[in-house]
Amino acid sequence: MISDKMQKELNEQIALEGYASFLYLSMASWCDHQGMEGCARFMHRQSDEERMHMLKIFHYLSEVDGRALAPAIKQPPQDFESVRSLFEQVYAHEQKVTASINKLVTKSLKEDDHSTYNFLQWYVEEQREEEALMRTILDKIKLIGDGPQSLYYIDKEIEAVNAQAAKAESAEEG
Ligand code: FEO
């Protein structure tokens, strides 16, 4: 059994993860349109991951006899100033998600809700990894530069990140 308050907050987290999924989908489309296929593939993968993050909470709420609510779809931005600005926005959004997860963890402890506390630990770890990945990408973009001559090299770097992620996934499926 989960408290009404915790249920409400987890539903808000569902909405935040759902929004991230649509924001990254919009970013994938923008990258594709710029001819940056590696970046587009990366953002599609991130979008799929966010949907998975959303569904994980959805299923958890059912498991603890709560009620998961499908969130309203807010229109994400469609245009981005540059690839660097796009990744800065991803990083900022991930920081927002981390802050929200941290608040949930604190609340679960206050309520002595150890089940939710344990459940949230997966997200704590995931956020640490996501933020580190985005920082690495932003560092690379800063090194390469993001003028028109650099876009090809940025895309190649992101494609290397995609290849690593695909390798890690197939090792997990093992
Ligand atoms: Fe599920 Fe990347 O926040």
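These values consider heavy atoms only, across backbone and side chains, with no hydrogens, waters or symmetry-generated copies. This chain uses plain numbering: 1 for the first residue, then up along the sequence. First listed ligand is number 1; within each ligand, the first listed atom is number 1.
- For Arg135 and Glu131, the salt-bridge test passes: some basic side-chain N is under 4.0 Å from an acidic carboxylate O.
- In this structure Glu88 satisfies the salt bridge (Lys or Arg N to Asp or Glu O under 4.0 Å) test together with Arg84, sequence neighbours excluded.
- Using a 4.0 Å cut-off between charged side-chain N and carboxylate O, Lys156 and Glu159 make no salt bridge.
- Residues that satisfy the ring-ring contact (aromatic ring centres under 6.0 Å, His included) test with His93, not counting sequence neighbours, are Tyr19.
- The hydrophobic side chain of Leu69 is isolated, with no ILVMFWY side chain under 4.5 Å apart from it.
- Each protein N, O or S atom less than 2.8 Å from atom 2 (Fe) of ligand 1 was counted, giving 4.
- Taking all atoms of both residues into account, the shortest heavy-atom contact from Trp30 to Ser82 is CH2-C, 3.7 Å.
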